[in-house]
Amino acid sequence: MSDLGLRIVNAAAAFLVAVLSGLGVGSGGLFVIWLTLMGVGATQARGMNLLFFVFSASAAFLFHLKNKRNIDLVLVLYLAAFALLGTFVGGYLGKAIESGLLKRIFGGLLVLSGCYTLFGKKLGKKV
């Protein structure tokens, strides 16, 4: 495939992942899988995914605010504080765990997440 063709395919994949992210689908796993299939190293793919998610999640959040969606800002701040803490813990663990094991853990979590999505009971109240 030519360089231009590869760029077009990658742009289309990024667009699709961003659309899924905007819909609230956990598309980060899809993006990491795509990047690794395209030959990007696992560690670099995870880093690129995190940066991609910052932009896509920020855009989706602003879109929902603009359209006056029911967003509990106190809950968002509470969750963001724990996400920040989790980021530091995850970053430390990412350095401490061997790359091959980290790949298997990530794959296992994707499988569990998929199974839960397909077969798990719904938690919380209906909106």
Side-chain angles (χ1 to χ4, degrees):
M1 182 178 292
S2 72
D3 188 48
L4 177 61
L6 188 57
R7 286 177 189 236
I8 291 171
V9 170
N10 283 332
F15 178 77
L16 178 62
V17 169
V19 168
L20 291 172
S21 179
L23 292 170
V25 175
S27 54
L30 299 174
F31 196 53
V32 170
I33 292 168
W34 175 260
L35 289 171
T36 54
L37 287 174
M38 298 310 298
V40 175
T43 302
Q44 187 178 8
R46 287 190 302 271
M48 291 171 66
N49 177 59
L50 292 172
L51 185 58
F52 181 85
F53 181 73
V54 166
F55 290 109
S56 110
S58 297
F61 179 70
L62 292 174
F63 177 81
H64 287 292
L65 276 181
K66 177 184 168 282
N67 289 312
K68 297 179 176 39
R69 303 291 166 107
N70 187 15
I71 296 175
D72 184 347
L73 292 177
V74 172
L75 179 60
V76 169
L77 292 174
Y78 175 78
L79 293 173
F82 281 95
L84 187 61
L85 176 64
T87 299
F88 289 114
V89 172
Y92 173 77
L93 289 174
K95 287 182 178 180
I97 298 173
E98 188 264 324
S99 181
L101 177 60
L102 206 52
K103 286 181 189 179
R104 289 190 296 278
I105 291 171
F106 180 72
L109 288 174
L110 284 178
V111 170
L112 288 175
S113 175
C115 289
Y116 180 78
T117 300
L118 290 173
F119 307 113
K121 293 182 180 179
K122 301 292 182 200
L123 297 177
K125 61 181 179 183
K126 290 186 178 181
V127 178

key: Leu35 side, atom CG; Asn49 side, atom CG - distance, nearest 0.5 Å   =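 That separation rounds to 7.5 Å.
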query = From Ile105 CD1 over to Leu101 CG, what is the distance, rounded to the nearest 0.5 angstrom?
reply =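 The CG atom of Leu101 is 4.0 Å from CD1 of Ile105, to the nearest 0.5 Å.
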Hydrophobic cluster membership, with links at side-chain heavy-atom distances under 4.5 Å among I/L/V/M/F/W/Y: are [X] and [Y] in one?
X	Y	answer
Val32	Val54	no
Leu109	Ile33	no
Leu102	Leu93	yes
Met48	Phe52	yes

ask   = Any side-chain heavy atom of Thr36 sitting closer than 4.5 Å to one from Lys103?
value =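 Answer no - side chains too far apart.
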Enumerate, atom names and distances included, each donor-acceptor pair closer than 3.5 Å involving a side-chain atom of residues 74-89, sequence neighbours excluded.
from	atom 1	to	atom 2	distance (Å)
Thr87	OG1	Ala83	O	2.7

Let me check something: any side-chain donor-acceptor pairs from residues 5-13 under 3.5 Å, sequence neighbours excluded? List them with distances.
from	atom 1	to	atom 2	distance (Å)
Arg7	NE	Asp3	OD2	3.2
Asn10	OD1	Trp34	NE1	3.0
Asn10	ND2	Leu6	O	3.3

